[in-house]
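Chain letters run A, B, ... following the sequence lines, proteins first and then strands; every chain starts at 1.
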Amino acid sequence: MSTDISLSPPPRRPLFGLVDVNNFYVSCERAFNPRLANVPVVVLSNNDGCAVARSNEVKALGIKMGAPWFQMKTLARQHGIVALSSNYALYGDMSNRVMSILRGFSPDIEVYSIDESFLRVETVAHLHGGAGAMGHAMRQRIRQWTSLPVCAGFGGSKTLAKFANHLAKKNPLFDGVCDLAALSAAERQHWMEKYAVSEVWGVGHRLAARLQSIGIRSVFDLASAHHPLIRRSFGVLLERTVAELQCTPCLDLEDLADPKQQIMVSRSFGSMVQDVAQLGEAVAWHIDRAAEKLRAQRSVAAAVYVFLQTNRFRPADPQHNPGMLVPLSDPSDDTRVLTQTALHGLRQIHRCDCWYKKCGVMLLELTLKRQRQETLFDEPVARAPSSQLMTAVDAINRVWGRGTLRTGAAGMSSRSEMHAQHRSPRYTTRWDELPVAR
DNA sequence: TCTGGGGTCCTAGGACCC
DNA sequence: TCTGGGGTCCTAGGACCC
């Protein structure tokens with residue numbers, strides 16, 4: 001019988017996990033269409049512009065992330081590449097399913113992007129017999145419940161978990177799960193020497209080039225770098241990354257409730273636009289969307305930025321990429337106020353002789369609605385109808401679909417300017433698009 | 001013909017103040 | 001004749017991420 005009567009367990013070292021879905025958009029498409037298995041598949045961005053997700057077969061053909069679709073059509077024909085338009089309704093729903101499964105493993109979770117989450121696991125890993133075994137259990141359950149393939153990486157910091165995940169994905173011997181904390185120091189060094197410094201989370205292509213010029217080439221080189229030198233030459237961000245690689249966690253999971261500090265909505269046009277009325281409709285449409293996001297996080301905006309872009313891939317055309325920041329005297333979440341503000345800005349910046357390829361809006365200087373400063377001339381009672389109207393608009397659009405109810409400025413025509421020729425059905429979010437078993 | 005969309009954070013430098 | 005030095009705030013731009 002144990003005589004240990006200590007009341008609290010010894011503190012455990014932090015252990016972070018990173019779980020992500022392999023080739024997420026492609027895997028979602030394959031989940032509902034078995035014919036896509038083992039054939040090269042790409043998913044295209046809005047307007048069917050660029051490749052934003054690639055199956056392994058497509059990666060093997062050398063097609064890069066972000067490659068323009070029109071440039072690879074010949075290659076696509078030769079190899080039978082299947083191209084799909086992006087289907088964000090489907091991907092968003094599948095993402096929610098994966099994240100709720102992960103919440104069943106650890107309550108400490110940060111949904112980092114549509115296809116990946118960080119987790120704190122030091123308090124729960126022992127329930128599964130260690131982080132590695134837990135990673136395999138996650139893989140198995142997600143596979144069984146959603147049919148999506150995931151990889152899991154574990155380490156003593158977020159940066160190490162990221163790197164572990166990369167190892168799990170690239171090396172079959174890990175079978176999709178890598179726990180760096182369970183490897184020996186010599187093994188860790190072996191893997192860190194094997195990968196270029198550009199694989200480190202937080203090192204983009206510019207930093208990688210500068211690091212290489214001073215002899216820091218591998219992940220291990222960076223992990224062994226001299227702190228003050230890194231701080232002096234590259235700033236605090238990279239210094240923090242070095243500490244994280246040395247297993248000193250500097251970044252914790254982030255609070256999911258943090259509201260956004262800015263909200264942006266922009267789109268390229270299917271074809272170029274010159275007419276200011278048409279530009280105005282697009283701007284108003286974007287404001288509709290942005291204001292909806294703004295209200296969803298219960299904030300108000302104190303400024304609106306509106307911008308236009310001509311086609312930079314046609315340098316012979318007149319280029320004009322103006323933008324204007326328009327402050328609001330009274331911060332607002334009312335679509336009508338924000339639309340008027342944005343259209344005022346648009347009229348100032350637009351030039352009649354230019355063809356525009358893209359326009360967008362940003363809502364800035366956001367604050368929580370309940371923390372709003374009252375102005376001298378405020379009449380809180382006068383705000384109530386606006387608030388009720390916006391609540392009703394959002395409720396109707398939630399039920400009947402985005403854009404069902406919108407401002408007149410956003411136009412009467414349905415959104416047909418965008419190209420999306422190869423979109424799959426919204427299998428999981430529309431009754432009339434449910435998959436049918438025969 | 002055709003080239004995505006959305007975020008965050010840090011730093012340098014100028015304006016301004018005392 | 002001689003023209004300082006330190007601090008804050010703001011903004012634009014750059015770097016990174018997915």
Stepwise, does the side chain to side chain donor-acceptor pair (under 3.5 Å) test hold for A/S299 with A/Q297? CA-CA 6 Å; A/S299 298; A/Q297 67 168 36; 3.0 Å; yes
SB check A/D394 A/R398 (cutoff 4.0 Å): no
Whole-Å distance separating the CZ atom of A/F269 from the P atom of B/dT3: 13 Å
By ring-ring contact (aromatic ring centres under 6.0 Å, His included), which residues pair with A/Y25, not counting sequence neighbours? A/Y88, A/Y91
Please check the phosphate of B/dT1 (OP1 and OP2 only) for any side-chain N or O of A/R314 closer than 4.0 Å. no
Could you go through A/E29 and A/R54, starting from their C-alpha distance and side-chain angles, then the distance that decides it, and tell me whether this counts as salt bridge (charged side-chain N to carboxylate O under 4.0 Å, His left out)? CA-CA 11 Å; A/E29 300 289 348; A/R54 305 156 294 154; over 6 Å; no
Taken to the nearest whole Å, CE/A/M264 to C1'/B/dG6 is 5 Å
Do any side-chain atoms of residues 158-168 of chain A form donor-acceptor pairs under 3.5 angstrom with protein atoms, and if so which ones, sequence neighbours left out?
{"from": "A/K158", "atom 1": "NZ", "to": "A/E110", "atom 2": "OE1", "distance (Å)": "2.7"}
{"from": "A/K158", "atom 1": "NZ", "to": "A/D252", "atom 2": "O", "distance (Å)": "3.1"}
{"from": "A/T159", "atom 1": "OG1", "to": "A/E244", "atom 2": "OE1", "distance (Å)": "2.5"}
{"from": "A/K162", "atom 1": "NZ", "to": "A/E116", "atom 2": "OE1", "distance (Å)": "2.8"}
{"from": "A/N165", "atom 1": "OD1", "to": "A/K169", "atom 2": "NZ", "distance (Å)": "3.4"}
{"from": "A/N165", "atom 1": "ND2", "to": "A/L18", "atom 2": "O", "distance (Å)": "3.1"}
{"from": "A/N165", "atom 1": "ND2", "to": "A/D20", "atom 2": "OD1", "distance (Å)": "3.4"}
{"from": "A/N165", "atom 1": "ND2", "to": "A/C151", "atom 2": "O", "distance (Å)": "3.1"}
{"from": "A/H166", "atom 1": "NE2", "to": "A/E199", "atom 2": "OE1", "distance (Å)": "3.3"}

Paired runs of 3 or more consecutive Watson-Crick or G-U pairs involving DNA chain B, with both pairing distances under 3.5 Å, are B:5-18 with C:5-18
Between C/dG4 and B/dC17 - C1' atom distance, rounded Å: 14 Å
From CG of A/D20 over to P of C/dC17, roughly how many Å is that when rounded to an integer? 15 Å
Using a 4.0 Å heavy-atom cut-off, does A/D115 contact any base of the nucleic acid, only the sugar-phosphate backbone, or nothing at all? sugar-phosphate
Atom CZ of A/F307 and atom P of B/dG4: how far apart are they, to the nearest Å? 12 Å
Let me spell it out: for each of A/F234 and A/N311, pick the nucleotide of DNA chain B with the closest heavy atom. Which residue's pick is nearer the 5' end? A/N311
Which residues pass the salt bridge (charged side-chain N to carboxylate O under 4.0 Å, His left out) test with A/D108, not counting sequence neighbours? none
Once salt bridge (charged side-chain N to carboxylate O under 4.0 Å, His left out) is applied, what residue pairs with a partner in residues 419-429 of chain A remain, sequence neighbours excluded? A/R426-A/E433
Suppose we screen for side chain to side chain donor-acceptor pair (under 3.5 Å). Which residues come up paired with A/D48, at least two apart in sequence or across chains? A/S85
Of A/T391, A/T335, A/D334, which is the lone residue that meets side chain to side chain donor-acceptor pair (under 3.5 Å) with A/R295? A/T335
Under 4.0 Å between any heavy atoms, over every strand shown, what does A/L44 touch: base, sugar-phosphate, or nothing? Just pick one. nothing
Whole-Å distance separating the CZ atom of A/R312 from the P atom of B/dG4: 6 Å
Sorted by number, residues from residues 22-31 of chain A placing a heavy atom under 4.0 Å from DNA chain C are none
Counting only side-chain N and O atoms of A/S268, is one of them less than 4.0 Å from OP1 or OP2 of B/dG5? yes
Using a strict heavy-atom distance below 4.0 Å, which residues from residues 61-93 of chain A are in contact with DNA chain C? none
Output a table of nitrogen or oxygen pairs between the protein and nucleotides 7-15 of chain C separated by less than 3.5 Å.
{"from": "C/dA15", "atom 1": "OP2", "to": "A/R206", "atom 2": "NE", "distance (Å)": "3.4"}

Side-chain N or O of A/S45 versus OP1/OP2 of B/dT3: is the shortest distance under 4.0 Å? no
Would A/N23 and A/K59 count as a side chain to side chain donor-acceptor pair (under 3.5 Å) if you check the C-alpha gap in whole Å, the side-chain angles of each, and the deciding distance to 0.1 Å? CA-CA 10 Å; A/N23 312 330; A/K59 290 178 187 171; 2.7 Å; yes
Partners meeting ring-ring contact (aromatic ring centres under 6.0 Å, His included) with A/Y427 (sequence neighbours left out): A/F32
Results of ring-ring contact (aromatic ring centres under 6.0 Å, His included) for A/F307 - residues two or more places apart only: none
Counting side-chain heavy atoms from CB outward, which of B/dT3, B/dG4, C/dC18 is closest to A/K357? B/dT3
Could you state the interatomic distance from CH2 (A/W355) to CG (A/N311), rounded to the nearest 0.5 Å? 12.5 Å
Starting at atom CG of A/D317, determine the distance to atom C1' of B/dC2, rounded to an integer number of angstrom. 14 Å
If only side-chain N and O atoms of A/K358 are considered, is one of them under 4.0 Å from the OP1 or OP2 phosphate oxygen of B/dG6? no
Between the side chains of A/E122 and A/R120, is the shortest nitrogen-to-carboxylate-oxygen separation below 4.0 Å, so that they form an ion pair? yes
How is A/Q262 classified with respect to the nucleic acid when contacts are heavy atoms under 4.0 Å: base, sugar-phosphate, or nothing? base
Please collect all ring-ring contact (aromatic ring centres under 6.0 Å, His included) contacts where either partner lies in residues 197-231 of chain A, sequence neighbours excluded, each pair once. A/Y112-A/W201, A/F118-A/W201
